[in-house]
Amino acid sequence: MTSHTYSRERLAELLAVAPEEDLVSTADACLSDGAALTVLTTPEIGCIATQVREPIGHVRFFLGNVLACHAEVRLDGTRGWAMRMGDDRAAVLAAAVCDAEVAAGRPNAGHVLDLCARIEAELGRADAEEWAHIAPTIVQFEELT
């Protein structure tokens, strides 16, 4: 089993950006033992008002609406929930199943956590690549004495 541990919030964040095919295959593995699955909220698509904070004055303002999809399930008595940007119903349902698998500590929770660790590493690499790309544009000022 995996040694990765995530808060429920971090787990939801990583599942929200995982590729659909990875989520679906992981959710299929979670359901392969015949676990009782109840869909409490079918995948619903809607708009979320996105609020951001201006970095200098720290003033909050509404940037616009973002399309999102959410779902909620019960897997062997444990609730799972997920939300993803966009309208991918299959991915959000699979992410909810994965969330419930981890919350319940079921047999395939390690597979879900391994997927999240892989996504986290990919995000870290992408962030490092972006910084490496923009680093040459950073302006360094000398202190005047």
Side-chain angles (χ1 to χ4, degrees), residues 1-140:
M1 188 163 214
T2 185
S3 62
H4 306 287
T5 56
Y6 296 106
S7 67
R8 195 89 187 256
E9 293 81 8
R10 182 65 175 154
L11 182 75
E13 180 182 354
L14 293 168
L15 291 173
V17 295
E20 176 190 1
E21 56 277 359
D22 293 339
L23 282 172
V24 171
S25 65
T26 304
D28 285 345
C30 295
L31 298 172
S32 66
D33 64 357
L37 175 68
T38 304
V39 177
L40 302 174
T41 304
T42 58
E44 294 179 348
I45 298 170
C47 286
I48 299 171
T50 305
Q51 187 180 80
V52 295
R53 184 176 53 204
E54 189 273 324
I56 305 297
H58 303 288
V59 177
R60 292 186 179 275
F61 64 93
F62 287 100
L63 183 63
N65 291 325
V66 175
L67 188 66
C69 187
H70 74 95
E72 187 174 359
V73 300
R74 183 178 294 121
L75 183 63
D76 271 353
T78 301
R79 291 174 89 119
W81 179 89
M83 179 179 282
R84 292 173 57 95
M85 294 299 132
D87 61 355
D88 193 342
R89 291 180 171 110
V92 79
L93 190 57
V97 169
C98 291
D99 178 57
E101 184 80 10
V102 172
R106 290 182 28 83
N108 285 297
H111 294 309
V112 176
L113 295 173
D114 287 343
L115 170 63
C116 288
R118 193 183 89 227
I119 298 303
E120 188 173 51
E122 289 172 5
L123 291 173
R125 276 192 299 278
D127 192 41
E129 287 174 11
E130 181 179 6
W131 276 106
H133 180 71
I134 65 170
T137 67
I138 295 173
V139 177
Q140 299 285 339

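Residue numbers start at 1 and run along the sequence shown. Computed from a predicted model, the values in this text were never measured in an experiment.
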**Q** By salt bridge (Lys or Arg N to Asp or Glu O under 4.0 Å), which residues pair with Glu122, not counting sequence neighbours?
**A**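 So Glu122 forms a salt bridge (Lys or Arg N to Asp or Glu O under 4.0 Å) with Arg118.
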**Q** In the structure I gave you, are the side-chain heavy atoms of Leu123 and Leu14 within less than 4.5 Å of one another anywhere?
**A** yes
**Q** Under 3.5 Å, is there a donor-acceptor pair linking the side chains of Tyr6 and Glu120?
**A** yes
**Q** Side chain to side chain contact (heavy atoms under 4.5 Å, CB included) for Cys47 and Val66? Distances and angles first, verdict last.
**A** CA-CA 5 Å; Cys47 286; Val66 175; over 6 Å; no
**Q** Kindly indicate, with the supporting measurements, whether the criterion side chain to side chain contact (heavy atoms under 4.5 Å, CB included) is fulfilled by Leu75 and Leu31.
**A** CA-CA 9 Å; Leu75 183 63; Leu31 298 172; 3.5 Å; yes
**Q** Show your reasoning for whether side chain to side chain contact (heavy atoms under 4.5 Å, CB included) applies to Met85 and Leu67.
**A** CA-CA 6 Å; Met85 294 299 132; Leu67 188 66; over 6 Å; no
**Q** With heavy-atom distances below 4.5 Å as the criterion, would you say the side chains of Val17 and Glu13 are in contact?
**A** no
**Q** Taking all non-hydrogen atoms of both residues, which atom of Cys116 and which atom of Leu11 are closest, and how far apart?
**A**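 Looking at all heavy atoms of both residues, the shortest contact is SG-CD1, 3.4 Å.
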**Q** Please give me the minimum heavy-atom distance between Ala100 and Val73, naming the atom from each residue.
**A** CB-CG2, 4.3 Å
**Q** On a heavy-atom basis, which atom in Leu115 and which in Ala18 lie closest, and how many Å separate them?
**A** CD2-CB, 4.4 Å
**Q** What distance separates Thr42 OG1 from Leu93 CG, expressed to the nearest 0.5 Å?
**A**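 Between Thr42 OG1 and Leu93 CG, I get 9.0 Å after rounding to 0.5 Å.
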**Q** According to side-chain hydrogen bond (donor to acceptor under 3.5 Å, both in side chains), does anything in residues 69-85 pair up with another residue at least two apart or in another chain? List the pairs.
**A** Glu44-His70, Glu72-Arg79, Asp76-Arg106
**Q** Decide yes or no on side chain to side chain donor-acceptor pair (under 3.5 Å) for His111 and Asp114, but give the supporting numbers first.
**A** CA-CA 5 Å; His111 294 309; Asp114 287 343; 4.8 Å; no
**Q** Could you walk me through whether Phe62 and Thr50 pass the side chain to side chain contact (heavy atoms under 4.5 Å, CB included) check?
**A** CA-CA 6 Å; Phe62 287 100; Thr50 305; over 6 Å; no
**Q** Looking only at non-hydrogen atoms, find the nearest pair between Pro107 and Glu101 and report the distance.
**A** N-OE2, 3.6 Å
**Q** Can you confirm whether Ile45 sits close enough to Arg89 that some side-chain heavy atom of one is under 4.5 Å from a side-chain heavy atom of the other?
**A**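 Ile45 vs Arg89: side chains touch.
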**Q** Going from CZ on Arg8 to CZ on Arg10, what distance comes out if it is rounded to the nearest 0.5 angstrom?
**A**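 The CZ atom of Arg8 sits 16.0 Å away from the CZ atom of Arg10.
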**Q** What are the two closest heavy atoms between Ala91 and Leu23, and how far apart are they?
**A** O-CD1, 3.6 Å
**Q** Work out which heavy atom in Ala71 is nearest to a heavy atom in Ala96; give both atom names and the distance.
**A** O-CB, 3.9 Å
**Q** What's the separation between atom CZ in Phe61 and atom CD in Glu54, rounded to the nearest 0.5 Å?
**A** 7.5 Å
**Q** Once rounded to the nearest 0.5 Å, what's the spacing between atom OG1 of Thr26 and atom CG of Asn108?
**A**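 That separation rounds to 8.5 Å.
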